[in-house]
Structure formats: C-alpha cells, structure tokens
Amino acid sequence: MSKKPSIPKGTRDFGPKQMVRRNYIFSNIKETFQKFGYLPLETPTMENLSTLTGKYGDEGDQLLFKVLNSGDFLSKRGKTLVGEQELEKGYKHVTPIISEKGLRYDLTVPFARYVVMNRNDISFPFKRYQIQPVWRADRPQRGRYREFYQCDADVVGTKSLICEAEIVLMITEVFGKLGIEDYSIKINNRKILSGITEVIGAKGHETDLCVAIDKLDKIGEDKVLEELTEKGFSDEAIENLRPILHPSGSSKERLARMEEFLTSSETGLKGIEETRKVYDYVAGFGLENAKLEFDMTLARGLNYYTGAIFEVKVNNVSIGSVSGGGRYDDLTGVFGLPDVPGVGFSFGVDRIYDVMEELELFPEQHQDSTKVMICNFDEESERYSLKVLSSLRQANINAEIYPDQAKMKKQMTFANNKEIPFVLMVGSQEMASGKLTLKDMKSGEQEGLSVEELIEKLK
RNA sequence: GUGGUUGUAGCUCAGUUGGUUAGAGCGCCUGAUUGUGGUUCAGGAGGUCGUCGGUUCGAGACCGAUCUUCCACCCCA
C-alpha cells in the first residue's frame, strides 16, 4: 500500500458540513460590509517579498512563507548558487537569492499596495472588503492555524472618526446576526499609549510598554512591572505608571481619569478626544448598547497603527481575539504614496467558527442540500424518472436521482445518511397510475402524488 | 523561535514488569426484509500500533531521529 496522504502542519480540509457553516458566516459578514458601502477586492496569493518584508516587524518577517524561485535558478548565478561569504552572513542574506515571492501574511498590506498602484483610478475615500486566506509560519495551536481566512474591511482617504464608529456598528451587526451575545469590543488609541510614555518619562518605548501592559490581566501587576524593569524602564517611570494600572468604573470614568493623567501630554489628550468622539458617533447612530469598552491596556502588535485600535473578544471562551483592527495614518507611505490615512479591521472567521461551535450557535440548515431523491428501480423507471427530475429542477427544487439501480435498502440508507428529507419512488404501479409515491423520511409517511402536486408540495 | 505533550481499526479509546494470534464501543458490509432508511437480531470485513532507525532471543510498550496533534511562552486572527 502507498503511504498515507497528509496535509501540511496547521492546514485543514473543510468538508461539506463545515463549508455550509463557514459560508453562513461569510455571507453574513459580506452582507454587512456591503450594507456599509464596502466593495469586494481580491489580490494574488503571492506578493513580491519586497512588498511584504519590513511591514510586520522582525517577528512578522520570520513568519512569512517564502516561495522558492521557479526554473533553474542555479544557472542564473553561475555554478555557485551562494558564495561562502553570503553563507556566513546567515540565512537572512541567502533567502533573497533563492526566493523573491512570498504568501500574503495579511490583507491590509496587499490592499495598501493595490491602492498605491491604482491611485489614479481610485476615488477617495475608498472602501473595500476582502475575504481571502492568509498564511503565517506560526506554530499551530487551538484557534491558530498556518492557513486561515481574514475578512477585512478598510477605508482609506479619510480621517473621519465616523469610520471608526461604523466599525463598531458592523461588528455589532455581524455578531448579532450570528447569535454571539457575550463579547466585548475593546477600544484604545495609540496616541494614549504614547501619551502615557511621555508622562512617565519613557518616551519612545511605546512598544515595550504595550507588550508588557497587555499582559496585565494574565500575569498580574507585579510581573508586568518586573518585565518593564527588565526592558530598561526607570523606577521613577514605573512608580508614575502605577496609578493607572487598575482600571475600574465605566468607560467614561476611565476616560476622565486618563485625561487627568495625561494633562501634560498633547498627544495623549488628542487620543482621549478621538476616543470620546468615537463614542459620540456611535451614540449618534442610535446604538445605545454597543459593547464598546475603553481599555487602556489594549495594545496591538502591528506597528503601523497610529490612532484608534480595536480588538473583539468573546467572553467565557478560551480563544484569542476574533476580530481586530485600527487606524493607520500612513500605510501607503512605504510604497511611495504619503498622506493617505485609513482605518480597517478584520474578522477571524476560523476563530469565529470555533467559538460558534463551542457555544452551539449554528442553526440547523439544510436548504443547500438535496430536498428529494428519486429511487432508481430499473431501466424503465429510470427513464421515466429523468423527466420527473427535470420538472423538479425547473421548479427550483434541489433534486437528484440515485445513479445506480441498487437495492432499495442501499438507496434508502444513502438518503438517510445524507439527511435528504423526501424520497420519491417511481415503480411500475406509479408509472401506471401517474401517482408517484413520496415518502417523508422523518415521519415515514407515504402518499401518492402527481408531478404537479409533487412540485406544489416540495416548493 | 523556546519548553512540554500526543499518535493503536473509519471514529472514540483499552492494551499489566517487554512474551504466542493486538481488543472494546460506535460506524461500515452481508443477511433476516428479492419495493422501504432511522429500531431489533445473526454473521462478517477492517491494523506493517505515525514514520525511519536502534536495543533485545523477543518491541504496540524501551532508546534516538523525524513528522503530526495539543498546551505554555513569544506573538497573533
């Protein structure tokens, strides 16, 4: 026997049952995006490595899947593919020689690339959504795959905070439709985070602060402060930080307290103002009960964010965030088009799927599958049945015939396993009378119907 | 990337200090029922024990490597 086939680490097949459920999530998200004026876009699976590298930080670059150059790349460089000097410099210097392309790591950077390449044809503000898989050479875990889908919606060419508010609305709508109730949309602002570093006298160390603060609820205050000391924060700075480490009260109260703390930082106050405005807009849309929480400990890794940042977590489910995003002032700058501000966010469908499965939120759905199966007795009945089958399909009824003249038992078992609700029997009696026998597989009841009656019943 | 964990029938799992022919439940196939599934009864098929190598008279069990799974960290959707 040949070797058992397998698929690469961190990838998955999606069977028909899973696909029905995934499509259910996809279509809800698409519908919502389109309702808010976003239009679809697709970009290639592969991008040039020059497009991808340097956009996600060192960690991100490590996680890029690279595509080996095709053809006889050996001959292009003469007999020596890689010189000894290059080898000594390490793999980072060797990879560009044998690989020029990589699999996309997210949808935002390819989008920025698209905007720059098509700047003359795009009328701004430009809203697009994009639902495609992305790849990361991460170590897989629950809710963490090497190939997974992102559903991004971004708008570029406007600084309006209405966009931020609309993101909150879209998240609320999608989760509402999917039946996820216990979740929170956390919002923070990069400007607030840099304000904090200014106030405590550690300007320029935003990233370290973010990473440490992010773990507050996980490892506790002491360990966080310890980590900050390790990263070179002064005792004074840490002492200054202490008062704001324990957020309590409503988002409004937290914002007020943070405003007080940030009085000496212009940037910080700007962040507060922006966050307030997002709240105002959300309220302006009439959404009173948005699950929006201001959380100054929220810090997202991607370093292109400059304004609001979002993250959505489902409560009481041990899975990471299911959605996230933020504002970036200059994502297209690296591609030579400065001053195009934008906001975007993304749904992690694979995680939403896992969450919904755990919470048993998928509705029973069979409308995609066959509604009626015709039993195949013999050649005469088969010929007769094909006409019936065509009539059913013309009436938009999902129908199929069992393709082989197998035993009844086998055909019934097949229908049962496929959860086909009705089975139609066309034998000699039926052909003689014109009344076909329809069996309801759930109740087991049977009745004789003409083709017209049949269509009427199954419609 | 660091540390740990897992792998036995299609699925969920047993398998004693290393010892003859590796088991169960569910599923699958056949028949009781030659035009009736989901219930019942009777019978049957299916395993190079993840892969490769080693120790041993003898390995599913011990050792090494590798792949895979899951977990913690890192990071993230």
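Worth knowing before you read on, the calculation uses all heavy atoms, side chains too, and leaves out hydrogens, waters and symmetry mates. Just so it is clear, the structure is predicted and the values come from calculations on it, not from any experiment.
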Phe345(A) ring center within less than 6.0 Å of Phe310(A) ring center: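 Between Phe310(A) and Phe345(A), the centre distance exceeds or equals 6.0 Å.
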Ring centre gap for Tyr129(A) and Phe33(A) strictly below 6.0 Å: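 Ring-ring flag for Tyr129(A)/Phe33(A): true, centres closer than 6.0 Å.
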Lys/Arg-Asp/Glu bridge criterion (N-O < 4.0 Å) met for Glu173(A), Lys177(A):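 Yes, this pair counts.
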Basic-acidic side-chain contact under 4.0 Å: Glu166(A), Lys127(A): yes
Measure distances between side-chain N and O atoms of [X] and base N and O atoms of [N], and say whether any donor-acceptor pair falls under 3.5 Å.
| X | N | answer |
| --- | --- | --- |
| Gln446(A) | U36(B) | yes |
| Asn416(A) | G37(B) | yes |
| Lys439(A) | U36(B) | yes |
| Glu419(A) | G38(B) | no |
| Arg144(A) | C71(B) | no |

Nearest-angstrom distance from the residue atom CZ of Arg139(A) to P of U2(B): 7 Å
Interatomic distance, Tyr105(A) OH vs A77(B) P [rounded to whole Å]: 7 Å
Verify stack between Phe347(A) ring and A77(B) base, 5.5 Å, 30 degrees: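 Stacking between Phe347(A) and A77(B): absent.
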Sugar-phosphate only, base, or nothing, as touched by Arg142(A) at under 4.0 Å among non-hydrogen atoms: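 Arg142(A): backbone/sugar contact only, no base atoms under 4.0 Å.
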Sugar-phosphate only, base, or nothing, as touched by Glu445(A) at under 4.0 Å among non-hydrogen atoms: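 The answer is nothing, as Glu445(A) stays clear of every strand by at least 4.0 Å.
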Residues forming a ring-ring contact (aromatic ring centres under 6.0 Å, His included) with Phe26(A), sequence neighbours excluded: Tyr149(A)
RNA chain B stem ranges, 3 or more consecutive Watson-Crick or G-U pairs under 3.5 angstrom: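 In RNA chain B, stems of three or more pairs: B:1-4 with B:70-73, B:10-13 with B:23-26, B:28-32 with B:40-44, B:50-54 with B:62-66.
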Phosphate contact (G31(B) OP1 or OP2) by Lys407(A) side-chain N/O below 4.0 Å: yes
Parallel, tilted or perpendicular: ring planes of Phe414(A) versus Tyr402(A), cut at 30 and 60 degrees: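 Rings of Phe414(A) and Tyr402(A): perpendicular, as their planes differ by over 60°.
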